[in-house]
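FYI, side chains are in, hydrogens and waters are out, and symmetry mates aren't considered; it's all heavy atoms of this structure. All ligand and atom numbering here is 1-based and tracks the order in the structure.
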Amino acid sequence: MYEAFKDPYCYPGTDVLRNRLNLTDPADLEAFETEITTARATEPLPNGRFGIAHYRAIHRHLFQDVYVWAGNFRTVRIAKGGNAFCYPEYIEPEMVKLFAQLSAGDGLRQRNREGFVDGATTFLADLNQIHPFREGNGRTQLAFMTLLADRAGHPLTLELLNPEAMLQAMIASFHGQTALLRALLHDLTAA
Ligand SMILES: Nc1ncnc2c1ncn2[C@@H]1O[C@H](COP(=O)(O)OP(=O)(O)OP(=O)(O)O)[C@@H](O)[C@H]1O
């Protein structure tokens, strides 16, 4: 649940996100969202050049059945657990900066396992701080990191992912403590 004040993304007087099926019961929406995004995630993900357009296309692919704004950056301020993410007016420039760094460098390719994990940790922590979408950031992050890891030759074994440990690692990374996230990504990459 996000802390968003007077949120135009939600039905008035509720914190239920407006959705294509007009589901107003949060449990129904969550069940539908989980089911349909899980199904979309099993389809081939959009191809792209690992830039912002590609990142947005992945979000659009996963959430196209649920939200009209799938693939579009949010226009409201949001926070989780008291952690405020990037203000909407800075999302575009911060995303440009982050993805420019990725493509200006080696795109995390041509690295050994340690080098890949180092770069992936920093990238993911920064991406989470931006949190460009109103909802669905975690799933888009994971899908993109999976593609990035495949391209780098360090595929992630997602069956090993412990969601609770991942959440704690992401929260710590928000405060600049990236050791947990680094260890977790290290464990997910093949030896
Ligand atoms: N308090 C927090 N501080 C910083 N990051 C957080 C916090 N709580 C969750 N996150 C991170 O935010 C992302 C989830 O964002 P969001 O809820 O938009 O995505 P989702 O795909 O809808 O949810 P989920 O990843 O839980 O399926 C995850 O990477 C998660 O680790």
Side-chain angles (χ1 to χ4, degrees), residues 1-5 7-10 15-21 23 26-43 45-46 52 55-88 90-91 94-95 98 117 120-149 156 158-188:
M1 181 77 59
Y2 279 107
E3 296 127 28
F5 187 65
D7 188 344
Y9 286 82
C10 294
D15 52 19
V16 181
L17 290 167
R18 296 175 193 271
N19 57 86
R20 288 189 180 277
L21 266 60
L23 300 170
D28 289 347
L29 175 57
E30 193 184 335
F32 172 62
E33 198 195 88
T34 300
E35 186 186 332
I36 198 76
T37 57
T38 303
R40 288 294 186 187
T42 66
E43 297 175 355
L45 291 171
I52 295 175
Y55 196 70
R56 290 180 51 181
I58 292 170
H59 186 276
R60 187 176 305 115
H61 175 78
L62 294 175
F63 290 91
Q64 60 185 305
D65 311 283
V66 194
Y67 303 115
V68 171
W69 46 264
N72 292 333
F73 294 160
R74 65 184 156 82
T75 57
V76 295
R77 294 184 183 186
I78 57 171
K80 266 193 167 182
N83 293 336
F85 299 111
C86 184
Y87 286 178
Y90 300 121
I91 289 176
E94 288 300 323
M95 288 290 279
L98 180 62
V117 169
T121 301
T122 308
F123 178 79
L124 183 54
D126 289 351
L127 187 56
N128 189 56
Q129 287 200 342
I130 302 174
H131 236 72
F133 305 111
R134 176 62 186 79
E135 161 89 355
N137 293 280
R139 280 164 277 186
T140 309
Q141 287 166 3
L142 203 56
F144 188 79
M145 295 311 290
T146 302
L147 294 180
L148 206 54
L156 304 179
L158 292 178
E159 295 74 31
L160 296 179
L161 183 68
N162 173 340
E164 184 51 37
M166 182 72 181
L167 176 61
Q168 293 313 320
M170 293 302 288
I171 294 174
S173 82
F174 186 90
H175 301 292
Q177 290 143 18
T178 52
L180 277 176
L181 182 58
R182 192 189 180 289
L184 195 145
L185 289 175
H186 187 265
D187 289 347
L188 292 183

Quiz prompt | Phe133 and Phe63: CA distance, side-chain angles, deciding distance, ring pair (Phe, Tyr, Trp, His ring centres under 6.0 Å) verdict | solution = CA-CA 11 Å; Phe133 305 111; Phe63 290 91; 8.2 Å; no
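- By the 4.5 Å heavy-atom criterion applied to side chains, Asn19 and Leu21 are counted as neighbours.
- Annotation: Phe63 places no N or O atom under 3.5 Å from an N or O atom of ligand 1; distance criterion only.
- For Asn128, every heavy-atom contact with ligand 1 shorter than 4.0 Å involves the side chain, none the backbone.
- Per-residue contacts place Asn83 under 4.0 angstrom from the following atoms of ligand 1 (heavy atoms of the residue considered): 1 (N), 2 (C), 3 (N), 4 (C).
- Nearest residue to atom 13 (C) of ligand 1 from Met170, His175, His131 is His131 (criterion: closest heavy atom).
- Using a 4.0 Å cut-off to heavy atoms of Phe85, the atoms of ligand 1 that qualify are 4 (C), 5 (N).
- In this structure, Asp65 pairs ionically with Arg40, as a charged nitrogen and a carboxylate oxygen lie closer than 4.0 Å.
- Side-chain rings of Phe174 and Phe85 approach one another, their centers coming within less than 6.0 Å.
- Contact annotation: the side chain of His131 never approaches that of Ile91 to less than 4.5 Å [non-hydrogen atoms, C-beta and beyond].
- Residue Glu35 places its CD atom among 12 or fewer non-hydrogen atoms of other residues, nucleotides or ligands, all under 6.0 Å distant.
- Heavy-atom contacts of Gly138 reach the following atoms of ligand 1: 13 (C), 14 (C), 15 (O), 16 (P), 19 (O), 20 (P), 21 (O), 25 (O), 28 (C), 29 (O) (cutoff under 4.0 Å).
- Between atom 7 (C) of ligand 1 and the options Thr37, Asn137, Ile171, Leu62, the minimum heavy-atom separation is to Ile171.
- For the pair Arg18 and Trp69, the minimum side-chain heavy-atom distance is 4.5 Å or more.
- Considering both main-chain and side-chain atoms, Glu33 never comes within under 3.5 Å of ligand 1 through any nitrogen or oxygen pair.
- Every N/O-N/O distance between Arg134 and ligand 1 stays at or above 3.5 Å.
- Close approach to Gln141 involves these atoms of ligand 1, each under 4.0 Å from a residue heavy atom: 28 (C), 29 (O).
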